[in-house]
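In what follows, a structure is listed as structure tokens, so that the remarks can point back to it.
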Amino acid sequence: DDQEKDIEKGKKSTRYEDIGGLKEEVKSMKPPKGVLLYGPPGTGKTLIARAVASETGAHSIVVNGAEIMSKFYGETESRIRNIFEEAAAKAPSIIFIDEIDALCPKRDSAGSEVEKRVVATLLTLMDGVDTKEGSMNNISDKVVVIAATNRPNSLDEALRRPGRFDREIEIGIPNPNDRFSILLTITKDIPSTLTENQVRDLANKTHGYVGADLAAVCREAGLIAIRRHVKLGENDLAIGISDMEEALGVVKPSTM
Ligand code: ATP
């Protein structure tokens, strides 16, 4: 059960060592001001943002674009302003905006007035100029915005101009080598009898599985292992290759 919780929630603070593969992507996370992570769901975008926040020791504020838009409709702008104020007050800070596409859709599309104002507010704040305050607080050197999206092309273009999200990093679907690293990373902290060769094998036959899928496979294998051990009256809960194979029959790849 603990094992399952560990895989599901990660540890209290996410470290770079918790990220499988993605070495180049993580290396390019030395953000000037804003970084946009884009790619399919479950590939590790949130994981990277969490790791950067805890490894740099920066104050971190996590915002979900869809949530802030729906829950605080009408108040969204002031929520965003508050977030940037908190970030500046507690700098160095990282603001992580997940699902930014919900917050900043293209303004020329059928967007509402509120949406348009939200986009404008975010642009202004990212420029470090809070016009409402009538002040020019250049907070760019202390506050970094990391945003994630599955749909980069639906974002308002102004957001992607220099000085805002001036770095865009694709977090893609993992190849066999990436999957090998991800599987090693996920299984390193859980009891298992898996050999490196077996993990290599699993990596080779999990085409289409993203990091989140592989985590789900390991979780499922953990449950299967528990059931198997209980049936045999054993205390040992280690995951074996047969548990992983069985789990692959249950958890399907999300990108196929
Ligand atoms: P979404 O677009 O759905 O928010 P995401 O790209 O932000 O997806 P994460 O939330 O980072 O995906 O990944 C979900 C979970 O999958 C992570 O908490 C982790 O358990 C696992 N995971 C994903 N990618 C990796 C990876 N590269 N290494 C290790 N674990 C990973």
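Because only heavy atoms are used, hydrogens play no part in the values below, and waters and symmetry mates are left out as well, while side chains stay in. Here the structure is a predicted model, which is why all the values come from computation and not from measurement. Counting starts at 1 for both ligands and their atoms, following the listed order.
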For ligand 1, is Gly42 a contact, meaning one of its heavy atoms is under 4.0 Å away? yes
So is Arg160 actually on top of Phe165's ring, under 6.0 Å and inside 45° of the axis? no
Relative to the heavy atoms of Leu22, which atoms of ligand 1 are at a distance of less than 4.0 Å? 27 (N)
Pull out every atom of ligand 1 sitting under 4.0 Å from any heavy atom of Gly211, numbered as shown with elements. 16 (O), 21 (C), 22 (N), 23 (C), 24 (N), 25 (C)
Considering only heavy atoms of Ile182, which atoms of ligand 1 have at least one such atom less than 4.0 Å away? 26 (C), 27 (N), 28 (N), 29 (C)
Does Ile19 belong to the same Ile/Leu/Val/Met/Phe/Trp/Tyr cluster as Ile171, with side-chain heavy atoms less than 4.5 Å apart forming each link? yes
Pro41 heavy atoms, cut-off 4.0 Å: which ligand 1 atoms fall inside? 1 (P), 2 (O), 3 (O), 8 (O)
Just go through Cys218, Gly20, Gly39 and tell me whose heavy atom is the nearest to atom 27 (N) of ligand 1. Gly20
Glu115 versus Pro105: any side-chain heavy-atom pair under 4.5 Å? yes
Considering distance alone, does some N or O of Ala215 sit under 3.5 Å from an N or O of ligand 1? no
Distance-only donor-acceptor check, side chains Thr149 and Asp101, under 3.5 Å: yes
For Glu234, is the CD atom crowded, meaning more than 12 foreign heavy atoms sit under 6.0 Å from it? yes
With heavy atoms under 4.0 Å as the rule, classify the contact between Asn150 and ligand 1 as side chain, backbone, both or neither. side chain
What I'd like to find out is whether the side chain of Val63 reaches to under 4.5 Å of the side chain of Asp98, using heavy atoms alone. no
Would you list the pairs meeting side chain to side chain donor-acceptor pair (under 3.5 Å) in which at least one residue belongs to residues 244-256, sequence neighbours left out? Lys205-Glu245, Asp213-Ser254
Does Arg117 have any side-chain hydrogen bond (donor to acceptor under 3.5 Å, both in side chains) partners at least two apart in sequence or in another chain, and if so, which? Glu77
Could you tell me which atoms of ligand 1, counted from 1 in the order shown, lie closer than 4.0 angstrom to a heavy atom of Asp18? 28 (N), 29 (C)
Where the closest heavy atom to atom 6 (O) of ligand 1 is concerned, which of Arg151, Arg179, Lys45 has it? Lys45
Nearest option to atom 19 (C) of ligand 1, as decided by whichever heavy atom of Leu47, Val210, Asn64, Thr185 sits closest: Leu47
